[in-house]
Participant: 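Take this structure first; my questions come after.
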Amino acid sequence: MNIHPIVAGNWKMHKTRNEGVSFVSKIKNRVLDKVEARVIFCPPFTALFSIVEAIEGSSLSVGAQNVYFEAQGAFTGEISVEMLKPEGVEYVIIGHSERRRIFGESDSLINKKIHAVLGGGLIPIFCIGEKLEDRKANRTTDVLKIQIESGLEGLGAVDPTKIIVAYEPVWAIGASEAASVEQISEAHASVKSILAGMFRDDGNDVPLLYGGSVNEKNAAELIQTKGVDGFLAGGASLNEDSFCSIIEQVSNFYKR
Ligand code: 13P
């Protein structure tokens with residue numbers, strides 16, 4: 001299967017609605033249809049719907065950073081898939097390490113969210129990744145296996161065009177350096193094999209992004225890493241020049 005490279009920007013809790021719309025409009029004008037990559041903006045909820053409007057008619061897409069698994073009800077502060085879908089949101093980040101660590105999201109909650117997102121026709125960007133202590137204790141593959149198997153539990157099959165996995169080693173997020181090419185290719189090979197063990201060829205074809213201190217300086221090298229189908233960028237996705245440069249580098253690599 002021909003995987004389209006993906007460059008997703010997780011803005012986390014940054015940018016007001018006006019800042020976000022102006023940022024996306026500038027990127028839209030700069031990248032136009034030149035890019036080979038699927039570009040996904042994941043802004044905070046307050047900017048989400050205005051950004052859907054701002055990208056209309058372009059090849060750019062929008063994702064939410066979180067969602068609750070119930071459709072509606074007494075869940076103060078939460079938003080459902082049914083509320084995102086009609087607004088033109090196509091993707092949802094699920095299981096980000098900040099949600100796991102700061103907001104206590106468990107593998108079983110993440111699994112419920114994945115089912116809700118897929119059931120509602122949105123595409124999950126399912127994040128996994130080991131902590132530094134796991135890596136030091138040689139537990140990286142075990143941790144990834146538990147996260148993947150519990151996160152995707154109960155899915156009889158996956159359609160590789162309807163789900164994205166992002167490997168984000170927790171220790172490389174917002175760090176001074178990304179993981180090394182060797183560390184990434186090794187982890188991506190493990191993830192691919194775990195997915196293939198669960199879903200055979202379809203599992204192997206699921207697009208697998210790397211995230212963790214990706215920037216305009218390391219994107220060209222990291223995109224060549226075996227098993228890397230694109231990036232989930234945090235900090236660098238907030239800066240126009242950095243994000244455009246990452247998109248161009250990924251795109252150029254796939255155009256060769
Ligand atoms: P940084 O690119 O800032 O390290 O963040 C990565 C991330 O968490 C994306 O989801």
Side-chain angles (χ1 to χ4, degrees), residues 5-15 20 23-24 27 37-45 47-48 51 61-67 89-105 110 113-114 117 122-132 134-135 140 143-144 147-148 151 163-181 183-184 187-188 191 206-223 225 228-250:
I6 296 163
V7 181
N10 175 9
W11 293 4
K12 308 191 180 183
M13 200 172 72
H14 292 284
K15 295 194 192 291
F23 180 82
V24 166
I27 305 238
R38 218 188 317 165
V39 177
I40 308 166
F41 296 98
C42 302
F45 283 121
L48 203 53
I51 287 177
S61 307
V62 173
Q65 295 176 20
N66 184 28
V67 77
V89 173
E90 293 176 74
Y91 299 86
V92 188
I93 298 175
I94 301 289
H96 192 280
S97 67
E98 285 148 21
R99 298 232 41 105
R100 292 177 190 261
R101 178 173 51 86
I102 305 170
F103 301 102
E105 292 200 4
I110 289 163
K113 292 185 174 195
I114 299 254
V117 170
L122 300 184
I123 300 179
I125 303 176
F126 170 39
C127 299
I128 49 168
E130 82 286 3
K131 298 190 196 117
L132 189 57
D134 300 323
R135 177 159 284 273
T140 299
V143 167
L144 297 177
Q147 289 177 341
I148 296 168
I163 183 165
I164 297 169
V165 173
Y167 168 62
E168 298 205 312
V170 180
W171 48 272
I173 295 177
S176 53
E177 267 186 66
S180 70
V181 166
Q183 288 167 324
I184 298 170
H188 278 223
V191 172
V206 169
L208 181 52
L209 313 185
Y210 168 74
S213 299
V214 174
N215 58 40
E216 67 283 15
K217 297 196 192 80
N218 58 24
E221 185 190 17
L222 296 182
I223 196 60
T225 309
V228 171
D229 303 311
F231 298 128
L232 179 56
S237 75
L238 298 169
N239 178 283
E240 190 188 326
D241 289 335
S242 307
F243 197 52
C244 284
S245 167
I246 294 170
I247 296 168
E248 272 164 35
Q249 294 181 55
V250 168

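Counting from 1, the numbers follow the sequence of the chain as shown. What you see is a predicted model; the values in this text were computed from it and never measured. We count ligands from 1, going down the list as the structure has it; atoms in each ligand are counted the same way.
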Participant: Considering the heavy atoms of Ser213, write down every atom of ligand 1 situated less than 4.0 Å from one of them.
Facilitator: 1 (P), 2 (O), 4 (O)

Participant: With a 6.0 Å cut-off on the ring centroids, do Phe41 and Phe243 count as close?
Facilitator: yes

Participant: When you look at His96 and Glu168, which way does the side chain to side chain donor-acceptor pair (under 3.5 Å) test go after all the steps?
Facilitator: CA-CA 8 Å; His96 192 280; Glu168 298 205 312; 3.1 Å; yes

Participant: Mind checking whether Leu232 contacts ligand 1 via backbone (N, CA, C, O), side chain (CB onward), both or neither, at a 4.0 Å heavy-atom cut-off?
Facilitator: both

Participant: Using a strict 4.0 Å threshold on nitrogen-to-oxygen distance, state whether Arg100 and Glu105 make a salt bridge.
Facilitator: no

Participant: Keeping Ser213 on the side-chain end and Ala175 on the backbone end, is there a donor-acceptor pair under 3.5 Å?
Facilitator: yes

Participant: What protein heavy atom lies closest to atom 9 (C) of ligand 1? Include the residue and the distance to one decimal.
Facilitator: Glu168 OE2, 2.9 Å

Participant: Classify the ring geometry of Tyr167 against His188: parallel below 30°, tilted from 30° to 60°, perpendicular beyond 60°.
Facilitator: perpendicular

Participant: Can you tell me if Gly174 has a non-hydrogen atom under 4.0 Å from ligand 1?
Facilitator: yes

Participant: Identify, by atom number and element, the atoms of ligand 1 in contact range of Gly235, meaning under 4.0 Å from any of its heavy atoms.
Facilitator: 1 (P), 2 (O), 3 (O)

Participant: Identify the closest protein heavy atom to atom 2 (O) of ligand 1: which residue and atom is it, and at what distance?
Facilitator: Gly234 N, 2.8 Å

Participant: Atom CD of residue position Glu240 - does it have more than 12 heavy atoms of other residues, nucleotides or ligands inside 6.0 Å?
Facilitator: yes

Participant: Does ligand 1 have an atom under 4.0 Å from some heavy atom of Gly212?
Facilitator: yes

